[in-house]
Number of protein chains: 2
Amino acid sequence: MRTLKHPERADMRLDTVLAALADPIRRHIACRLNENHHDHACVTFELPVSKSTATYHFRTLREAGVIRQEYQGTSIMNSLRKEDLDARFPGLLDAVFAAQRIEGGTAVNTPAAG
Amino acid sequence: MRTLKHPERADMRLDTVLAALADPIRRHIACRLNENHHDHACVTFELPVSKSTATYHFRTLREAGVIRQEYQGTSIMNSLRKEDLDARFPGLLDAVFAAQRIEGGTAVNTPAAG
DNA sequence: CTCGTACTTCGATATTTACCGTACTACCAA
DNA sequence: TTGGTAGTACGGTAAATATCGAAGTACGAG
């Protein structure tokens with residue numbers, strides 16, 4: 001079974017988390033995982049970038065500690081590390097999601113939506 | 001009198017604000033302005049970068065809407081746009097500052113401190 | 001008017017980031 | 001075992017970012 005490396009709670013860095021959430025595509029992924037509480041395969045996000053670029057963004061989020069990625073067969077199930085983030089940086093994630101809602105929804109034009 | 005351009009509340013973008021706060025030097029500036037409530041000239045920050053780089057970071061913060069910069073003679077008085085930010089993205093600034101305190105203080109080694 | 005201070009602007013550079021396509025791996029199902 | 005699906009790794013590129021030093025501007029003090 002393939003496993004992916006995730007930072008411990010204590011190893012999450014504010015720099016990295018903020019940089020991860022500063023990108024609209026990555027914020028879009030995080031917001032969606034926050035809204036739809038069950039896990040999602042990468043492929044279901046329909047991002048406006050190529051597959052390899054999507055991998056890059058998911059990896060950036062995972063390495064920052066924002067999401068958890070676990071193989072399930074050939075897919076990866078993504079979930080938001082909300083409890084860990086809330087423990088490490090209380091209120092940060094909620095403030096970002098609230099801000100995103102205020103600013104106007106999706107943060108990104110998915111190819112399906114455009 | 002020289003004046004500098006600041007975005008209106010409504011024009012503040014989450015992308016830009018998060019990117020501004022993702023950099024440790026800029027977050028250090030913002031944190032200091034939050035702690036010491038009166039204004040500060042750029043020169044008082046003793047950042048570990050050259051003067052022109054400092055200008056660049058202050059400008060980035062100003063253009064994101066995080067700080068206000070107003071000339072006072074040959075100096076610039078910097079202040080945090082806390083009310084505006086709180087109105088636009090409630091809780092975001094406080095969450096970032098709290099996270100910074102949790103992670104361990106200064107976010108940056110000033111040359112004086114190192 | 002001259003000088004020093006505080007900051008900006010410009011041009012250059014190094015590094016990082018976002019992005020792509022191709023080739024690859026791992027797994028499941030037939 | 002053959003094929004399809006989901007995602008990774010790699011090599012490359014374009015753009016953005018962070019950095020510097022040198023030269024310039026604006027202002028107050030003397």
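For the numbers below, each heavy atom of this structure counts, side chains included, while hydrogens, waters and symmetry mates do not. In what follows, chains are A, B, ... by sequence order, proteins preceding strands, each numbered from 1.
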Candidates D:dA6, D:dT19, C:dT8 - which lies nearest the side chain of A:K51: D:dA6
When you measure only distances, ignoring hydrogens and angles, does the side chain of A:S52 come within 3.5 Å of the base of C:dG21 through a donor and an acceptor? yes
Candidates D:dT19, C:dC7, C:dC19 - which lies nearest the side chain of B:I25: D:dT19
Spacing between B:H57 atom NE2 and C:dA6 atom C1', to the nearest angstrom: 18 Å
Please work out if A:Y56 contacts a base, only the sugar-phosphate, or nothing of the nucleic acid, heavy-atom cut-off 4.0 Å. base
Side chain to side chain contact (heavy atoms under 4.5 Å, CB included) assessment of B:L92 paired with B:L85: CA-CA 8 Å; B:L92 183 59; B:L85 256 320; 5.7 Å; no
B:T53-B:S50 side chain donor-acceptor pair, cut-off 3.5 Å: yes
Hey, which sits more toward the 5' end of DNA chain D by its nearest nucleotide, A:T74 or A:R59? A:T74
Tell me which residues in residues 60-68 of chain B put a heavy atom below 4.0 Å from DNA chain C, sorted by number, or none. none
Touch check for B:A54, heavy atoms < 4.0 angstrom, all strands: base, sugar-phosphate only, or nothing? nothing
Let's see if you can work this out: which of C:dA18, D:dG7, D:dA26 has an atom nearest to the side-chain heavy atoms of B:R2? D:dA26
When you measure only distances, ignoring hydrogens and angles, does the side chain of B:S50 come within 3.5 Å of the base of D:dG21 through a donor and an acceptor? no
Nearest-Å distance for atom pair CZ/C1', residues B:F58 and D:dT19: 16 Å
From the list D:dT8, C:dT9, C:dA6, which nucleotide is the closest neighbour of the side chain of B:S75? C:dA6
Can you measure A:H40 atom NE2 to D:dG7 atom C1' for me and round it to whole angstrom units? 18 Å
